[in-house]
**Q** 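Following this message is one structure expressed as structure tokens.
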Amino acid sequence: MSSWVTDVGYGNWSKRHSIYGLGLNTWHLLRQVIRKLGATRARMRSDSLVNGDSFRAPPLFKIATLVFVSVTFFYFGKHWSDGYQQLIFFQSTSQAPTVSLSPNYNKHFNISTLIQQNDAETLPDKTLNLDPTPSPLLAPNPPPPSDSVQRFGIVDENGTMSDQFEVGDLDPEYVENRGNSTEVDNGKGGSRSFRIKKFALCPQNMSEYIPCLDNVDAISKLKSVEKGEKFERHCPVTGGGFNCLIPPPKGYQTPIPWPRSRDQVWFSNVPHTRLVEDKGGQNWITRDKDKFKFPGGGTQFIHGADEYLDHISKMIPDIAFGHHTRVVLDIGCGVASFGAYLLSRNVITMSIAPKDVHENQIQFALERGVPAMVAAFATHRLLYPSQAFDLIHCSRCRINWTRDDGILLLELNRMLRAGGYFAWAAQPVYKHEEVLEEQWEEMLNLTTRLCWEFVKKDGYIAIWRKPLNNSCYLNRQAETKPPLCDQDDDPDRVWNVDLKTCISRLPEDGYGANVTVWPERLHTPPGRLQTIQYDAYISRNELFKAESKYWNEIIDSYVRAFHWKTFRLRNVMDMRAGFGGFAAALIDLKLDCWVLNVVPVSGPNTLPVIYDRGLIGVMHDWCEPFDTYPRTYDLLHSAGLFSVERKRCNISTIMLEMDRILRPGGRVYIRDSVAVMDELQGIGKAMGWHVNVRDTSEGPHASYKIMMADKLLTRA
């Protein structure tokens, strides 16, 4: 017995006696051990009864039991581990230490093939997945070629941000089968629900589709279009919108990065030459082979926007771009060169224009990386708050400001900050034709009744200034028109509100006019913070500062963990902006991008606070499409949006709209409750996004999670 134990002990274990060579002879040995153990145990029991020591066992019995258990476990280990990684056995002798290597050593495996096999057939996991540091005795396998695995988008398998994505490659899933694919879930109680597994591509003629501005049926039924009604929002009825993925134009390429995009974009991304034909002689835009180029000119500043801005600064030094003047509205912006060149002066400009005969001007602006929206002065209030803009600019914007008792200029007055400036560059300013001189006199008369101060006219430009308070309005002669608006009129209520022929009152406490200069105003709680209809009252300043601190910490972690500064990030949208803390954090961390802060109609209207901080934003109902062209944003950020909007509309409708306005290669970051995360993940995958759901810093049991996704290029 003892000689057998010595023979199979760890000291003299040989390859031919290894556990992987166990067979019939070994089983005979095991049976002999069992018999001898039984006889030994019987003798021990009788001896213990005689000696009165039932708890003491001979050492030989303990050793035999240990050997038996060990051999048994080795055998079952062999039986359960067939086809899996084999072990490495070490032997120490008096001569020299040796190593018995696994038969898998120095073999190469196709990991991709193994993964596909695992997808096809699920096997029970019998091994412990460990990734130890390689032993110095063993040479590591050579790494695979760098191009053996092609990654797409922002997050790799370790959760690290990467910009190594390929926009030019197609997603074959959408090429092979374009139809919507659905599946049925059978719920409890016999209920059934339908879920889309894969969205189809829309027809190619929808590549520039803006649902609420391209609703031909609704526009054809308008009773009148004299006041620009056809350029306003006419959204499809519920259920009548698109249910497919908007395709890119033929030959679409990764957009040229900022700041080079300010001066040139790919022709194939915006394949329209109408503006080149109409405005090429005015230094707006030219075509050079496969690119559009932007010399920086405009109809009234053909020598360049920089020279034009210098001229305005000399006319009114108090404008002080980037100091007193931070937020600007450019009406009828063309290709947005005015706003593009203001960016270098620390001024952010909301450039707007209708989708008219020059319908792609806003698309050009966004492709360049300049803030812009499709919007029109017509019959409804624009979706910006009162006292939003420090300067409003109109250069040949083709708007009749004096029509209908000045109703359009009154809307401009509502959005102009108290003490702000209006710069008008148009033919009535400098031409002396009879009709144009009459228009000039009408403009002077109207602005006088609005209590605007006519500051200066120089060359092509005339500039007025809005009063700081209501005193002038109250001191006008009785029956002077336009009158002040009623006390109960809310100038910040803008969603689906008709224009009014009255002057919006200024707050008696000076809110709006008393903002600090840039950049201090970014983190200074504005006075209008106290006027927001919000849950808290006393602690609002603390909430404002806490939100900024919260997003600074979050974005700082994104920058460090996901390397946000290494990928292309220019046009950003925060879909539920709050006080604008997310946008402020991007500025603090010096990320070279701009953010459109969207305030949903389903929550408190914080737009006045956002603009008082020196940021830009807009009101929107996410149950309806957004007024922008497809493929215009690099990053869509959403925090807590879907858990709110799911009570009002279909989540898939919002997600499809996100896909429409997101560029191929663009990113999505969604922070929301666990309750909606599975649905969001399913819809994202159905749209062809690469989706990754991660825990927040609070850990795996937190009520919120983060969904990160990136969009690939899909073509018909």
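Owing to the predicted nature of the structure, the values given are computational and were not obtained by experimental measurement.
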**Q** Give me each pair satisfying disulfide bond (SG atoms under 2.5 Å apart) with a member in residues 632-685, each pair once, sequence neighbours excluded.
**A** C623-C649
**Q** Under the rule for ring-ring contact (aromatic ring centres under 6.0 Å, His included), what residues qualify as partners of Y384, not counting sequence neighbours?
**A** F389
**Q** Please report the shortest heavy-atom distance between H620 and P625, naming the atom on each side.
**A** CE1-O, 3.0 Å
**Q** Please identify which of these residues, F582, W551, W564, F567, meets the ring-ring contact (aromatic ring centres under 6.0 Å, His included) condition with Y558.
**A** W564
**Q** Any chance you could lay out the salt bridge (Lys or Arg N to Asp or Glu O under 4.0 Å) test for K223 and E229, step after step, and finish with the verdict?
**A** CA-CA 9 Å; K223 296 180 180 179; E229 291 89 343; over 6 Å; no
**Q** Under 3.5 Å, side chain of E679 to main-chain N/O of I651, donor-acceptor pair present?
**A** no
**Q** Quick one: does any side-chain atom of R660 pair with a main-chain N or O of F626 as donor and acceptor, under 3.5 Å?
**A** yes
**Q** I need the minimum non-hydrogen distance between L589 and N552, along with the two atoms involved.
**A** CD1-O, 4.2 Å
**Q** Any donor and acceptor pair, going by atom type alone, linking the side chain of S261 with main-chain N or O of R368 inside 3.5 Å?
**A** yes
**Q** Heavy-atom distance under 4.5 Å between the side chains of H234 and C212, does that happen here?
**A** no
**Q** Can a donor-acceptor pair be found, under 3.5 Å and without considering hydrogens, that links the side chain of R631 to the backbone of S207?
**A** yes
**Q** Taking T254's backbone N and O only, do any of them form a donor-acceptor pair with R663's side chain (distance below 3.5 Å, no angle check)?
**A** no
**Q** Spell out, as yes or no, whether a donor-acceptor pair under 3.5 Å connects the side chain of S224 to the backbone of E226.
**A** yes
**Q** For P257, give me all partners under side chain to side chain contact (heavy atoms under 4.5 Å, CB included), at least two apart in sequence or on another chain.
**A** R260, R568
**Q** Is any side-chain heavy atom of L607 less than 4.5 Å from a side-chain heavy atom of Y611?
**A** yes
**Q** Could you report the tightest heavy-atom contact between R326 and G614, atom names first, then the distance?
**A** NE-O, 2.8 Å
**Q** Is there a side-chain contact between L245 and L656 (heavy atoms, below 4.5 Å)?
**A** yes
**Q** I'd like to know if the side chain of E232 and the backbone of H380 have a donor-acceptor N/O pair within less than 3.5 Å.
**A** yes
**Q** Is any side-chain N of the basic residue among D627 and K355 closer than 4.0 Å to the acidic one's carboxylate O?
**A** no
**Q** Quick one: are V618 and L382 in side-chain contact, heavy atoms under 4.5 Å?
**A** no
**Q** Could you grab the distance from atom CD of E645 to atom OG of S638, nearest 0.5 Å is fine?
**A** 9.0 Å
**Q** Using a 4.5 Å cut-off on heavy atoms from C-beta on, say whether the side chain of Y633 contacts that of V572.
**A** no
**Q** If you look at every heavy atom in V691 and G684, which pair is closest and at what distance?
**A** CG2-C, 4.0 Å
**Q** Any sub-3.5 Å donor-acceptor pair from D634's side-chain atoms to G666's backbone N or O?
**A** no
**Q** Salt bridge check: are E277 and R274 linked by an N-O gap of less than 4.0 Å?
**A** no
**Q** What I'd like to find out is whether the side chain of M658 reaches to under 4.5 Å of the side chain of M575, using heavy atoms alone.
**A** yes
**Q** Can you list everything that forms a salt bridge (charged side-chain N to carboxylate O under 4.0 Å, His left out) with K230? Sequence neighbours excluded, please.
**A** none
**Q** Checking E624 side chain against C235 main chain: does a donor-acceptor pair fall under 3.5 Å?
**A** no
**Q** Tell me whether D217 is salt-bridged to K221, with the criterion being a basic N under 4.0 Å from an acidic carboxylate O.
**A** no
**Q** If you round to the nearest 0.5 Å, how far is CG of N597 from CD1 of I610?
**A** 4.5 Å
**Q** Between D498 and R381, is there a side-chain N and carboxylate O pair less than 4.0 Å apart?
**A** no
**Q** Do the side chains of I399 and L408 get nearer than 4.5 Å, heavy atoms only?
**A** yes
**Q** Could you check whether any side-chain heavy atom of H393 comes within less than 4.5 Å of a side-chain heavy atom of L329, counting everything from C-beta outward?
**A** no
**Q** Tell me, yes or no, whether the heavy-atom count around R493 atom CZ, taken from other residues, nucleotides or ligands under 6.0 Å, exceeds 12.
**A** no
**Q** Among residues two or more places apart or on two chains, list those pairs meeting side-chain hydrogen bond (donor to acceptor under 3.5 Å, both in side chains) that have a residue in residues 569-582.
**A** R570-D592, N571-W594, D574-H637
**Q** Could you go through residues 287-294 and list every donor-acceptor pair under 3.5 Å that involves a side-chain atom there, pairing it with any protein atom two or more places apart or in another chain?
**A**
from: R287; atom 1: NE; to: K289; atom 2: O; distance (Å): 3.1
from: D288; atom 1: OD2; to: K293; atom 2: NZ; distance (Å): 3.1

